[in-house]
Amino acid sequence: MLMKDQLLEQFGDAVQVEESAVGDEVYVVDRTRITEVCQFMRDQAEPNFSILMDLTAVDYLKLNHKPRFAVIYHLFSLSNNQRVRIKAYVPENDPIIASVTHLWAGANWYEREVWDMFGIKFKGHPDLRRILMYDEFKGHPLRKDYPFSKRQPLVRNDKPYIDKEIDAYLHRVSGSNGTQKTIENVPLSMQEAMKKALSDSGSQSETSFLMNMGPSHPAMHGVIHLLLELDGEYVKNTDIGIGYLHRAFEKESEVGKWSHVFPYTDRLNYVSPLINNVAYAMAVERLLGIDITERAKYIRVIMSEISRICDHLTCVAASGMELGAMTVFLYLIQAREELWSLVEEITGARLTVSYIRIGGVKGDLTAGFADRCRAALKETRKQVGECHKLLTRNRIFVDRVTGTGVVSKEDALSYGFTGPVLRSTGINYDVRKANPYLVYDQLDFDVPYGENGDNFDRYLCRLEEIEQSCRIIEQALEKIPKGELNVDYEGKILTGHQMADSGKFGKTKELLKSQALTDPTLSGNSANNRLNIFPDNKRVVLPAKEQTYGSIEGVMNHFMLIMDGYGIQPPPGETYVSNEGANGELGFFVVSSGEDHAYRVRCRPPCFALMSGFHKMLQGDQVADIIASFGTINMIAGELDR
Amino acid sequence: MADFIVGAVEYLSKFIFFIIAVLVISPVLTWVERKQSAVMQDRIGANRAEILGLRMLGLFHALADSLKLFTKEYFVPKGADRLIFHLAPCISIFFAVMGFAVIPHADTLIISGQPVEMQIVNLNIGLLYFFAVLGMAVYGVVLGAWASNNNYALLGGLRASAQMISYEVSIGISLVGIILVYQSVDLMEITRAQGDLLFGFLPKWGIFLQPLAFFIFMAAGIAETKRIPFDAPEGESEIVGYFIEYSGMGFGMYFLTDFLETILIACLTVTFFLGGWQAPFIDGWILQTFSDSTFLGIFQLNNFILTIVQFLAFVFKVCLVIFMMMTIRWTLPRFRYDQIMNLGWKMLLPLSLFNIVVTAIIVYFIG
């Protein structure tokens, strides 16, 4: 039975089907029955939706929609890879909806974020406080009536921040297991704890103490705060504080043009920026309903996989270094350097690439790229081999990572884990296989998965994924449709300013014959390469520089796309597009109101779900294991805090 | 009285000579460590410090490092126990330096017909003295950690004390085999006893007579120096270390202690297991080739040359051991605290006890 029929049969009027222009499955649910619907979807529906992929909200104030807010649930079914969007409208005067934390533990942080950003309260949430913004912040920034340019002083010193964190932690602990803890019997310092244990030796005494790890700590790369309750070396409880790197990505995205979002996406997961670029571009293209060229798809796949290798290399290298294996770190970074040189060659930048464009990519692959790429992959394989020798067969390392940071299948699903962390528990879910995008269905690769869900499995998964990504790139280089770069082009190359100058002097005829070179990395962007990397779609794609400078149609086209109030204007609609980031499912939920800028851009960062369940992995482990687990999680603060 | 003064001057001059040598070597060791790790990791390594355009392969980095440490602010955290906080690094470095007093670095040198021991203090209980000094070294760490009033420091201090005390047991017991074999606790005597040849070709070194003890001593020795893979007390990426609150020279002294201990452990490994200053096969040749005529007025020529050669042999062996320790340091990842304890109590201790039993039986029947 179709999902639609099941829901209508079960809930009748409380569920309505919303038509979606781009083919997403959307149901609007009465907010009073949201928990029932979610429970039904999770447990009884056929297929059942075991993962809450994303939970967010949209403020429809400017679209004059009543009720004003919608809380949006993205559910995913592992059994047949189906995605469903559930919407529950929440009115402005009574912004309350029931919490689904008891169904999916991962909803905890998502709901906190929605409360923080939109001021929607979740009834029954165990710990509803701000998550990305600081406690003194007034208002809810993602509401449409919160002015974009409004500034607030960052911190007022009425109470030290750390005391607040501790209070919140104690509140949570006392709430969860019923035993009342006060600040008096959880000493802050270990000295106090030891003195106390000595003084009431004989009687039952609690000797745990609180320790802050981060936000300034060598292993908490990025910035993150772990408030640990330790019993000697053992971790009893953890509270995780995030938001130190919050840069208002989602708010900024609503202000700039559609294509102005790309530089911000570079900074989400800054270790693999190209994947973020691709994910966002795919979301917008889906709204626009355009299909990009085959060659551009292959280029996107190649660049994404290079990024993925970089990400995994960095992750394994850094976790090795944090466990004291400095040499492995430098070996792997050497391999990453080769790959980053490739990225630099194609995109012109190493980190903040902004290479993908809506409708294609910035420039074609350079001549001889394939050979250099194969050489870099050879180097990568060599260094990964070194890593296997130094770590995978090293007794100390294996003992340290085996059985630590364990996460069970059930927890992983409940927290909405994706990527290598989910796969390490034995659940074989990879967006590239589940919902193939670009040309992944035409390439042959395996998805490695583990069985124990511990640090060692995660480490092995990542190393194996490097190998699989190498295979993907090699196949893509073989299969990529022709469109050789500058092969028999006779025109002479002019730099950008020369071109503009001669245009001003009316020498426009020759300009169409010569090749534009605005910067060295844009040699792949000339007119004769355009058809390889961009669809012929004038309402989306900027014309080649030769046309802009050399013909009136080109200037007009350029002008229309650049001018305020024109530009790229996807038809009104909403869509959720996901792709496989290096750490898991990277999703973009994009809402268009038909204007030249996004109405709402929601990024579903894989790290967010991972970090919301991180405390589960630490429980019962030792202090030293925090480092190992944190390393293999590969938290990237850029996408966690956005 | 005159004898006493002569003796005091002799000890003092030797002590000052050795301390200067050691204190010069340990900063150089920081350079060695950087360069060696650079070679292992395909890097160039430190090479930018220069004096008047002279770079000397980055040797000046040692100088620049110490200069930096001396000029940095010495910060005492709020809530620290000031007296102990200042005292702890001194205690730490004091005992590390003290350990060198009993290391023999050459055979007897004859000056004006008087034999002079090439050892700062010729203690007949040298080995016990070494245990005592080693046992005291842990205080500098624990006191510093406690006085810092910092959770990280205290965790580091606890790890350090547990680790050092555990591994001292193994060190002590592994050396009982050496005592049994060489029938002495005087380091000079132990070294001399290693001069003979076994079966006519193999030097009678500790590593050949006590191979198991050698490995136990090396492992436990590296654990004593608190370096990777036994650097859980420091664990720079997890708890930053027992010296987290120390800055400037306070940190510098702990840092120096680490290197001094590395040298000390290397010296002791050489003394117990690699024949100390013995230069096998060439010592007899030197004594025969050179005459015993007077040299520079106070020395005997062949004795003088032999002493130099022995000293160089000793330094060479120490460098070799340090090289090995650094190679280990840059190859392996760090143990976790409980793994260190398991290794110490469940592996090294039973092995060293087993070694004693076997050695005792063999010595009883053969010796």
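Values below: all heavy atoms of this structure, side chains included; hydrogens, waters and symmetry mates excluded. Labels below follow one simple rule: chain letters A, B, ... track the order of the sequence lines, proteins then strands, and each chain is numbered from 1. Keep in mind the model is a prediction, meaning the values are calculated, not measured.
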Sort out for me which of B:E236, B:R159, B:R334, B:M40 touches chain A most, counting heavy-atom pairs under 4.5 Å.
-> B:R334
Let me know if A:I627 has heavy atoms under 4.5 Å from chain B in its side chain, its backbone, both or neither.
-> side chain
Residues of residues 378-391 of chain A with a heavy atom under 4.5 Å from any heavy atom of chain B, in residue-number order, are A:L390, A:L391
Are B:Y167 and B:F230 close enough that their ring centers fall under 6.0 Å?
-> yes
Side chain, backbone, both or neither of B:D231 within contact of chain A (heavy atoms, under 4.5 Å) = neither
May I ask you to decide if the ring planes of B:F273 and B:F217 are parallel, tilted or perpendicular, using 30° and 60° as cut-offs?
-> tilted
Chain B contacts, top residue of A:E233, A:M326, A:Q334 (heavy-atom pairs, under 4.5 Å) = A:E233
Examine whether an atom of A:Q622 lies under 4.5 Å from a heavy atom of chain B, and if so say whether it belongs to the side chain, the backbone or both; otherwise answer neither.
-> side chain
With a 4.5 angstrom heavy-atom cut-off, could you sort out which part of B:L332 is near chain A: side chain, backbone, both or neither?
-> both
Which region of A:N394, side chain (C-beta onward) or backbone (N, CA, C, O), has a non-hydrogen atom less than 4.5 Å from a non-hydrogen atom of chain B, or is it both or neither?
-> side chain
Answer with side chain, backbone, both or neither: which region of A:M220 has an atom nearer than 4.5 Å to a non-hydrogen atom of chain B?
-> neither
List the atom of B:M253, the atom of B:P89, and the distance in Å for their closest heavy-atom pair.
-> CB-CB, 3.9 Å
Beyond-backbone contact of B:L143 with B:L87, side-chain heavy atoms, under 4.5 angstrom | no
Quick one: sort the B:F251 and B:F255 rings into parallel, tilted or perpendicular, breaks at 30° and 60°.
-> parallel
Got a salt bridge between B:R227 and B:E261, using NZ or NE/NH1/NH2 to carboxylate O under 4.0 Å?
-> no
Intermediate values then yes/no, ring pair (Phe, Tyr, Trp, His ring centres under 6.0 Å), A:H217 and B:Y152 = CA-CA 11 Å; A:H217 183 279; B:Y152 287 102; 5.6 Å; yes
For atom CZ of B:F215, decide whether the heavy atoms of other residues, nucleotides or ligands shown that lie under 6.0 angstrom number more than 12.
-> no
Residue part contacting chain A, namely of B:T331, when any heavy atom lies under 4.5 Å = both
Select one option (side chain, backbone, both, neither) describing which atoms of A:F397 are under 4.5 Å from chain B's heavy atoms.
-> both
Give, for atom CZ of B:F85 and atom CG of B:N149, the distance between the pair rounded to the nearest 0.5 Å.
-> 10.5 Å
Any side chain to side chain donor-acceptor pair (under 3.5 Å) pairs touching residues 241-250 of chain B, not counting sequence neighbours?
-> B:N150-B:E245
